[in-house]
Amino acid sequence: MRRRVFNPELVPDIYQEVLLTLHKARHTYEPSRPLGPWLFTVARNSVLDALRKGRKFAEREVPSENLPETIRMEVDGSLDDQLYAALQTLPDLNRQAVELLKLRGLSLEEAAKQLGVSVSAVKVRAHRGYEQLRKLMLEKKK
């Protein structure tokens, strides 16, 4: 197996996958036939599946230096001026939901309790607020 796997860090994980696959496929072994070919076929297929899975993941992976810069809190707790201005233009219900969930870090249940509404209502308000913020920030970018 090590000859097929070029990344030594993946070898232990692939061994685990092979062992799990052998365990799951043990009912397919026919005792009247030789064990070796069955064992090697199951192991080979398991290795190939693991390598394919890793390749699919690697194709979707984005290097961290290519990621867009995120909006972050300053040391003193103030937001970026543009985001703060956009947040202030939101309707009160949506702004409150966004502030409670994203700025204060409350859970949905805590935010619902504080606002006196259901969890579903908080989700809807927050989602609408996110959409409005996205539109406002994209307009300012242009």
Side-chain angles (χ1 to χ4, degrees), residues 1-31 33 35-142:
M1 176 172 51
R2 288 185 188 270
R3 286 180 293 170
R4 292 183 184 265
V5 180
F6 297 111
N7 185 349
E9 294 175 2
L10 295 178
V11 172
D13 293 335
I14 293 178
Y15 271 127
Q16 287 286 343
E17 288 294 323
V18 168
L19 291 173
L20 284 171
T21 304
L22 285 170
H23 178 70
K24 290 177 186 176
R26 70 184 187 278
H27 70 280
T28 64
Y29 172 65
E30 295 177 22
R33 296 184 167 228
L35 176 66
W38 175 83
L39 182 72
F40 290 116
T41 301
V42 172
R44 184 196 69 213
N45 291 341
S46 180
V47 168
L48 292 175
D49 288 343
L51 291 174
R52 270 189 228 113
K53 189 188 318 180
R55 188 176 334 117
K56 286 180 185 177
F57 178 75
E59 288 171 358
R60 292 186 309 236
E61 212 172 69
V62 177
S64 60
E65 46 290 335
N66 295 346
L67 292 175
E69 190 172 322
T70 58
I71 298 171
R72 58 189 174 279
M73 299 281 287
E74 297 295 330
V75 176
D76 63 355
S78 64
L79 283 175
D80 180 65
D81 293 335
Q82 289 181 346
L83 180 60
Y84 184 74
L87 191 59
Q88 296 308 312
T89 63
L90 294 180
D92 284 341
L93 298 176
N94 299 346
R95 182 183 46 75
Q96 289 171 345
V98 170
E99 285 178 350
L100 291 175
L101 294 173
K102 296 300 177 185
L103 300 182
R104 294 189 193 168
L106 298 181
S107 69
L108 287 167
E109 292 80 15
E110 293 169 334
K113 188 175 181 181
Q114 189 164 342
L115 293 173
V117 297
S118 69
V119 171
S120 297
V122 173
K123 287 180 182 179
V124 169
R125 290 177 183 182
H127 177 72
R128 289 178 180 165
Y130 303 146
E131 289 297 316
Q132 291 166 344
L133 277 175
R134 184 177 297 119
K135 287 178 185 174
L136 288 168
M137 295 304 287
L138 287 174
E139 287 174 5
K140 288 183 180 185
K141 226 179 195 182
K142 292 178 182 178

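Here the structure is a predicted model, which is why all the values come from computation and not from measurement. Values below: every heavy atom of this structure, side chains too, minus hydrogens, waters and symmetry copies. Just so you know, residue 1 is the first one in the sequence shown, and it goes up from there.
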query: Who passes salt bridge (charged side-chain N to carboxylate O under 4.0 Å, His left out) against Glu30, sequence neighbours left out?
result: Arg33

Counterpart residues, ring-ring contact (aromatic ring centres under 6.0 Å, His included), relative to Tyr29 (two or more places apart): Trp38

query: What pairs with Arg104 under side-chain contact (heavy atoms from CB on, under 4.5 Å), at least two apart in sequence or on another chain?
result: Leu100, Leu106, Gln114

message: Holding to side-chain contact (heavy atoms from CB on, under 4.5 Å), I want the full list of residues that pass it with Ala43, two or more places apart in sequence or in another chain.
response: Val18

List the atom pairs, donor and acceptor, that lie under 3.5 Å between side-chain atoms in residues 20-27 and the rest of the protein, sequence neighbours left out.
| residue | atom | partner | partner atom | Å |
| --- | --- | --- | --- | --- |
| Thr21 | OG1 | Glu17 | O | 2.7 |
| Thr21 | OG1 | Ser46 | OG | 3.2 |
| His23 | ND1 | Arg26 | NH1 | 3.2 |
| His23 | NE2 | Arg26 | NH1 | 3.3 |
| Arg26 | NH1 | His23 | O | 2.6 |
| His27 | ND1 | Lys24 | O | 3.1 |

task: Starting at CG of Asn94, measure out to CD of Glu99 and round the result to the nearest 0.5 Å.
output: 11.0 Å

- request: To the nearest 0.5 Å, tell me how far Leu133 CG sits from Leu138 CG.
  value: 10.5 Å

message: Can you confirm whether Leu103 sits close enough to Leu87 that some side-chain heavy atom of one is under 4.5 Å from a side-chain heavy atom of the other?
response: yes

task: Identify the heavy atoms of Ala126 and Ala97 that sit nearest to each other, and give their distance.
output: N-CB, 3.7 Å

task: Just grab all the salt bridge (Lys or Arg N to Asp or Glu O under 4.0 Å) pairs involving residues 84-94, residues at least two apart or on different chains.
output: Asp92-Arg95

- prompt: What heavy-atom pair brings Val98 and Gly129 nearest, and what distance separates the two atoms?
  reply: CG2-CA, 4.0 Å

- request: Report, as yes or no, whether the 6.0 Å neighbourhood of atom CD on Glu131 holds more than 12 heavy atoms from other residues, nucleotides or ligands.
  value: yes

- request: Keeping to residues at least two apart or across chains, list the salt bridge (Lys or Arg N to Asp or Glu O under 4.0 Å) pairs with something in residues 117-130.
  value: none

statement: Nearest heavy-atom approach of Pro37 to Thr41 is O-OG1, 2.7 Å

